Amino acid sequence: MADVIERGQLSLPATGSPAGIHGRFHPDPRARALGLVLVRAAAIASVIAGVLTFVVAPIRGTFTGEFEDFGAYLAAAHSVVNHTDLYAQFIHQPPNVALSGFDYPPVVAFLVQPLAWVPANAAATLWLWMTIACTAAATSIAAFALLPQRWPRVEISALVTFLFSAATYNYWHGQMNPVIFLLLAFALHAWLHEHQTRFGILIGIAASIKLAPIVLVVLIVRRRWWRAGAACAVTVAAGLALGVAAFGGATLHEYVTRVLPVLSAQDGWLYNQSVSGVVSRLFGHAVLVPQPGSVLISLVTYAVLAAMLGLLFFAIGPAARNRQVSGAEFAAGTLLMLLASTITWYAHYVTAIIVVFAAVGLMASDRAWRSRAVIASTAAFVVAVGLLAPLLIASVTSEAELVALSHTSWWWPLTLVTSLPAICAGVMLVALSTRLRQPRAPIFTIPQGSSR
């Protein structure tokens with residue numbers, strides 16, 4: 001009864017509807033017990049392997065992660081302490097090379113300042129452990145919020161934390177994405193529980209660190225959560241003000257005029273899994289070396305994103321729905337966030353955990369939501385992001401090999417294959433948005449406060 005009575009409204013499935021007759025799937029108890037044993041065994045094994053790799057090895061000094069992104073954060077922390085230019089390495093690097101150096105808003109440099117207060121090795125180890133803790137916490141929040149209660153959610157969280165390659169990629173390279181993932185997981189919790197102010201603040205904090213989460217404002221607008229919108233705006237403004245107070249207006253001006261233009265340039269590099277990256281590769285543009293912007297590529301990119309935004313906008317209603325449907329709405333917004341950014345590296349797809357959990361939880365909650373499009377697109381997305389992408393990354397052994405391959409007839413088809421994770425994300429966004437626009441079943445509503 002608690003599933004159908006929400007905020008004083010009683011929603012009843014239509015008589016004879018599939019939802020009313022075959023709402024849930026009940027597996028054979030023996031099969032479920034065996035599956036639970038296997039999942040628990042796999043979870044224990046993954047945790048042991050994760051602890052040996054990411055806890056014991058750093059303590060022993062044998063951790064082999066490149067940690068190049070952490071190097072940029074550490075350099076920014078030392079720049080703060082030594083009062084030097086935060087963006088010197090980024091804006092003065094030679095052209096036609098992979099981007100390096102600190103490229104976050106000034107407030108982020110202020111927040112990572114404590115990294116300079118301890119020895120570099122200790123800072124790196126603590127950062128590694130923090131990213132793992134953020135991923136584990138975010139995965140657990142998403143699992144308990146979105147997956148069915150009878151499922152082994154703790155075990156699933158442990159498996160994903162140490163086996164999902166987009167998550168472990170962040171550990172090996174010391175990247176900031178697990179922090180954003182945790183903020184989005186908290187935002188998901190606030191979204192499901194209709195905590196407007198908290199939701200706006202969390203989106204504002206995430207957008208103050210990385211700009212892409214600002215796309216989730218579409219959820220605020222569509223739900224008409226004006227208090228959340230105000231909280232988001234105030235939070236972003238506070239982040240900008242803190243950056244200016246800490247470093248002065250010149251640093252913010254340098255970020256806006258010299259860093260952002262580079263980050264917003266068209267980039268067709270194979271790891272870029274955004275719509276912009278896919279369209280750039282489709283036209284063979286800026287794949288191996290930077291090139292001037294193309295008006296045609298911009299028009300195609302904006303047209304695709306506008307269509308996706310329109311679908312999502314009309315898929316989300318102004319009234320809150322049940323937990324599973326609301327989770328799917330947030331998942332669709334997360335997919336748009338990943339696709340809308342100019343540059344979305346594979347490691348950013350750690351937030352795909354929310355997307356998959358939401359889709360699976362929605363389909364598990366009620367057979368009426370198990371459309372072929374949602375099932376097929378979710379499966380394709382899991383395969384593309386969880387299996388195909390890491391295989392492609394592992395196969396890129398050297399830049400010289402790529403340059404040689406670019407002169408063969410295989411090059412253009414290969415670049416299209418590398419776009420499959422983003423393409424599958426786009427297909428899943430369309431499938432979810434289309435399905436969310438369709439009501440699950442006719443309902444009868446008893447207004448709040450009426451007698452029964």
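From a predicted model like this one, the values you see are computed outputs, not experimental measurements.
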Exercise for the section: Examine distances only and state if a side-chain atom of Gln273 and a backbone atom of Ala422 form a donor-acceptor pair shorter than 3.5 Å. Expected result: yes
Problem - Residue pair Val385 / Pro421: nearest heavy atoms and the distance that separates them - result: CG2-CB, 4.2 Å
Practice task
Determine the interplanar angle of the Phe330 and Trp191 rings, folded into 0 to 90°, and report it as parallel if under 30°, tilted if 30 to 60°, perpendicular if over 60°.
Solution key: tilted
Handout entry: For the student: nearest non-hydrogen atoms of Asp103 and Tyr255, plus distance
Key = O-CE1, 3.6 Å
Exercise for the section: May I ask you to test the Gln196-Arg223 pair for a side-chain heavy-atom distance under 4.5 Å? Expected result: no
Practice task
Measure the acute angle between the ring planes of Phe70 and Tyr73, then classify it against the limits of 30° and 60° as parallel, tilted or perpendicular.
Solution key: perpendicular
Exercise for the section: Check the side chains of Asn272 and Ser274 for a donor-acceptor pair under 3.5 angstrom, ignoring hydrogens and angles. Expected result: yes
Problem - Gln266 versus Ser298, side-chain donor and acceptor atoms under 3.5 Å - result: yes
Practice task
Could you check whether the rings of His195 and His193 sit parallel, tilted or perpendicular, using 30° and 60° as the cut-offs?
Solution key: parallel
Exercise for the section: Check step by step if side-chain hydrogen bond (donor to acceptor under 3.5 Å, both in side chains) holds for Ser165 and Tyr346. Expected result: CA-CA 9 Å; Ser165 56; Tyr346 173 64; 2.4 Å; yes
Practice task
Run the ring-centre check on Phe54 versus Tyr171 and record whether the distance is less than 6.0 Å.
Solution key: yes
Practice task
Taking all non-hydrogen atoms of both residues into account, name the closest pair between Ala116 and Val81 and its distance.
Solution key: CB-CG2, 3.7 Å
Exercise for the section: List the atom of Ile209, the atom of Val108, and the distance in Å for their closest heavy-atom pair. Expected result: CA-CG2, 3.7 Å
Practice task
Using distance alone, with no hydrogens and no angle criterion, decide if Ser419 and Arg281 have a side-chain donor and acceptor under 3.5 Å apart.
Solution key: yes
Exercise for the section: Determine whether Tyr87 and Pro106 make a side-chain contact, defined as any pair of heavy atoms from C-beta on separated by less than 4.5 Å. Expected result: yes
Problem - Trace of the side-chain hydrogen bond (donor to acceptor under 3.5 Å, both in side chains) decision for Thr342 with Ser264 - result: CA-CA 6 Å; Thr342 306; Ser264 60; 5.7 Å; no
Handout entry: Ion pair check, Arg222 and Glu329, cut-off under 4.0 Å
Key = no
Practice task
Classify the angle between the aromatic ring planes of Trp225 and Phe199 as parallel (below 30°), tilted (30 to 60°) or perpendicular (above 60°).
Solution key: perpendicular
